Amino acid sequence: MAKSCKRCLLLEAGEKSAYENIKSYLETLDVSERVDDSIYKQRLDLCRSCDYLISGMCRKCGCYAEVRAALKDSECPDADNRKW
């Protein structure tokens, strides 16, 4: 049984097919719904430092970090210690 990768995003955790699905989904979003690439990268870097990230999924909300970090109207789900 494979171990979960703590503080890893999908691709880093070896979840290539899930990552490709997420990437395809993000490409369908209108640019007005997405943050720019520098903010996206900054958010993902902050997610990588979070104890709630396991194999690309946030244990606080159950979402994929790559999706939540890309959306303009989204924020870190850890209400007690928001990272972004």
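Every value quoted in this text rests on a predicted model; they were computed, and no experiment measured them.
- A salt bridge does not link E12 with R7: none of the charged nitrogens is closer than 4.0 Å to a carboxylate oxygen.
- The shortest side-chain heavy-atom distance between R48 and L44 falls under the 4.5 Å cut-off.
- Note that CD of E20 and CD of E15 are 12.5 Å apart. Values are rounded to the nearest 0.5 Å.
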Side chain to side chain contact (heavy atoms under 4.5 Å, CB included) evaluation trace for K83 with C47: CA-CA 8 Å; K83 303 208 181 312; C47 288; over 6 Å; no
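- In this structure, S55 and A13 approach most closely via the heavy-atom pair CA-CB, 3.8 Å.
- A side-chain contact (heavy atoms from CB on, under 4.5 Å) with Y25 is found for one member of N21, I22, L29 and no other, namely L29.
- More than 12 non-hydrogen atoms from other residues, nucleotides or ligands lie less than 6.0 angstrom from NZ of K72.
- Residue pairs meeting the side-chain hydrogen bond (donor to acceptor under 3.5 Å, both in side chains) criterion with at least one partner in residues 31-40, sequence neighbours excluded, are D30-S32, D36-S38.
- L26 approaches A70 most closely through the heavy-atom pair CD2-CB, 3.7 Å.
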Chi angles and distances behind the salt bridge (charged side-chain N to carboxylate O under 4.0 Å, His left out) call for R68, E75: CA-CA 7 Å; R68 186 181 271 295; E75 59 187 10; over 6 Å; no
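- Between C76 and N81, the closest heavy-atom pair is SG-O, 4.5 Å.
- L11 CG to S17 OG: the interatomic distance, rounded to the nearest 0.5 Å, is 10.5 Å.
- Atom CZ of R59 is separated from atom SG of C50 by 8.5 Å, given to the nearest 0.5 angstrom.
- A69 approaches W84 most closely through the heavy-atom pair CA-CH2, 3.9 Å.
- Annotation for V35 and R43: closest pair CG1-NH1, 3.6 Å, computed over non-hydrogen atoms.
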